[in-house]
K.L.:
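Got a structure for you, questions after.
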Amino acid sequence: MTDIDIDTSQVRLVRFLYADHGGIIRGKAAGSDQLVQRMASGIGHTVAMMAMSMLDHLQPVEGMGPVGEVRIVPDPATFVALPYAPGAGAMLADLVLPDGTPWDACPRTFLKRAVAELAAEGYGIRAAFEPEFTVGHRESSPAGPAIPDRLIPLEDSLCYSSTGFHRAHDFTMELVGAMEAQGLTVEHYYPELGHGQHEMSIRHADAVRAADNHVLYRETVRGVAFRHGLWASLAPKPIPDQAGNGCHLHVSLTMADGNSAFTDPSDNYGLSQVGYHFIGGVLAHLPALVALTCGSVNSYRRLAPQMWSSAYTCYGMDNREAAVRICSPLRGDPASSVNLELKPSDSSGNPYLALGALIHAGLDGIRGKIDPGEALNIDPALLSDAERTRLGAHRLPASLSAALDALVVDDVLMNALGPLRSAAYLAVKRSEAAHFAQSTDPYYECFHHFTKL
Ligand code: GLU
Ligand code: MG
């Protein structure tokens, strides 16, 4: 059951949260008087919700129809009181069959199993999500309700500029306090390139904790903004002509003794053979992997050459245009040891599926000793097509549909997802791609993404 200590005079409702295939965070809340029972039993939930798109369009998926139940079962270790929602708390939850066994479509279970497979090979993993987001006001169009609302940025400061710090200060300080109150350690904060765009990074953790933290993070950015009368969005491109919001994924593997499995001081870039093989696997599966790490139609508006989001299958040392960046450690800070950063990643996907799939891709590279080739230490967009082809730097899928096409033929990732989850994911994502293909107005797509993500 539970040994968590909840002050029920302060917390009257506890949200049991999960992330769905549309990348939406959903859940149900338990009243605190029944909390202990509901934590043990879970809250009943229709299986159909994992076939729901980010537009609340239910997709026909066998096994996810109107008949059938799962339970939303929270992990007590993740309990937090929500600083931006007085009286409410939250826990991250698994989706479990009524008999208590894990459901084949539970995203959190997918990540736990990926971590277990990695452990069977002798490795642990530390991960961090590095999100950017845009803060602004939601404004309706003077042209009338048929025209989608827009996100008008809070400020138009320059990249990393002190003016940006000033303009967003009250919101930012409340955000820092809310993160820290939930046990998320703020590493860095700065105003970013886009108008209204900010970045706050959170300290790494083990993989499941890092994904849980990212769900809490998304909730907190949006929740604090709402209390200021603002809208904040982690959508990849909430405003068509502004810099996109990435959520680069940082990972490093550890050995049984807790030391880094990625560090080799004798290597040019300080990276071990295991690290190179991990990169080899990631690059080999990248066209399919982005269907999960860049999981929305809106993702592909961001993922373009020379946007610092990466656009080609290549890796490099501290190269911010490479899909995988070997990050140099900070001098005098051994805890910041060499790690790998996946740039084609944003906050519109399901964080458990994204990180779990990244692990499977890297693991395939380790098992198959996949050679990633030479590091590319220039912007691949500056090379000719012939040079890129020679170096194996291929353009990443340019749309969600193209990424899904790559996923379908990637046996490693399809097997890892399993039949139920992959069928549901593909159905949901294909429906989103088809829906947004009907409109040529970029603001229509941006509207649906900034209001929901
Ligand atoms: N905004 C960029 C992206 O979409 C990242 C910029 C940076 O390097 O921080 O990934
Ligand atoms: Mg950034």
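Order of appearance sets the numbers: ligands from 1, and atoms from 1 within every ligand.
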K.L.:
Could you establish whether Gly244 and ligand 1 come within less than 4.0 Å of each other, counting only heavy atoms on the residue side?
P.N.:
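Under 4.0 Å: yes for Gly244.
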
K.L.:
Taking distance alone, with N or O pairs closer than 3.5 Å, would you say Glu130 contacts ligand 1?
P.N.:
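For ligand 1, there is no N or O atom that lies under 3.5 Å from one belonging to Glu130.
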
K.L.:
Closer than 4.0 Å to some heavy atom of Trp308 - which atoms of ligand 1 meet that?
P.N.:
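In order of numbering, the contacting atoms are 2 (C), 3 (C), 5 (C), 8 (O), 10 (O).
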
K.L.:
Decide whether an N or O pair under 3.5 Å exists between His248 and ligand 1.
P.N.:
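Between His248 and ligand 1 (N or O atoms, distance only) the closest approach is under 3.5 Å.
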
K.L.:
Identify the closest protein heavy atom to atom 2 (C) of ligand 1: which residue and atom is it, and at what distance?
P.N.:
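Atom 2 (C) of ligand 1 sits closest to the protein heavy atom Glu132 OE1, 3.5 Å.
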
K.L.:
Which residue owns the protein heavy atom closest to atom 9 (O) of ligand 1, what's the atom, and how far is it?
P.N.:
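Its nearest protein heavy-atom neighbour is Glu192 OE2, 2.9 Å.
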
K.L.:
Below 4.0 angstrom, N of the basic side chain to O of the carboxylate: do Arg390 and Glu387 qualify?
P.N.:
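Answer for the salt bridge query: no.
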
K.L.:
Taking the Mg ion (ligand 2) as the reference point, name the nearest N/O/S atom of Glu132.
P.N.:
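Going by distance to the Mg ion (ligand 2), the closest N, O or S atom in Glu132 is OE2.
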
K.L.:
If the threshold is 4.0 Å, N to carboxylate O, is there a salt bridge linking Glu187 and Arg203?
P.N.:
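Salt bridge present between Glu187 and Arg203.
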
K.L.:
May I ask you to identify the nearest protein heavy atom to atom 4 (O) of ligand 1, giving residue, atom name and distance to one decimal place in Å?
P.N.:
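Here the nearest protein heavy atom works out to Arg302 NE, 2.7 Å.
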
K.L.:
Is the distance between the Mg ion (ligand 2) and the nearest N/O/S atom of Glu130 smaller than 2.8 Å?
P.N.:
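No, since none of the N, O or S atoms of Glu130 sits under 2.8 Å from the Mg ion (ligand 2).
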
K.L.:
Below 4.0 angstrom, N of the basic side chain to O of the carboxylate: do Asp212 and Arg209 qualify?
P.N.:
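Looking at Asp212 and Arg209, the cut-off is not met.
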
K.L.:
Can you tell whether the side chains of Lys452 and Asp56 come within less than 4.0 Å, N to carboxylate O?
P.N.:
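Salt bridge absent between Lys452 and Asp56.
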
K.L.:
In Glu199, what N, O or S atom is nearest to the Mg ion (ligand 2), if we give its atom name?
P.N.:
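Output for this pair reads OE1.
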
K.L.:
Does Asp318 pair with Arg325 as a salt bridge, N-O distance under 4.0 Å?
P.N.:
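Answer for the salt bridge query: yes.
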
K.L.:
Considering only NZ, NE, NH1 and NH2 on the basic side and carboxylate oxygens on the acidic side, decide whether Arg302 and Glu132 come within less than 4.0 Å.
P.N.:
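Between Glu132 and Arg302 there is no salt bridge, as every charged N stays at least 4.0 Å from the carboxylate O atoms.
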
K.L.:
Can Asp405 and Arg430 be counted as an ion pair, charged N to O under 4.0 angstrom?
P.N.:
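Judged by the 4.0 Å cut-off on N to carboxylate O distance, Asp405 and Arg430 do form a salt bridge.
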
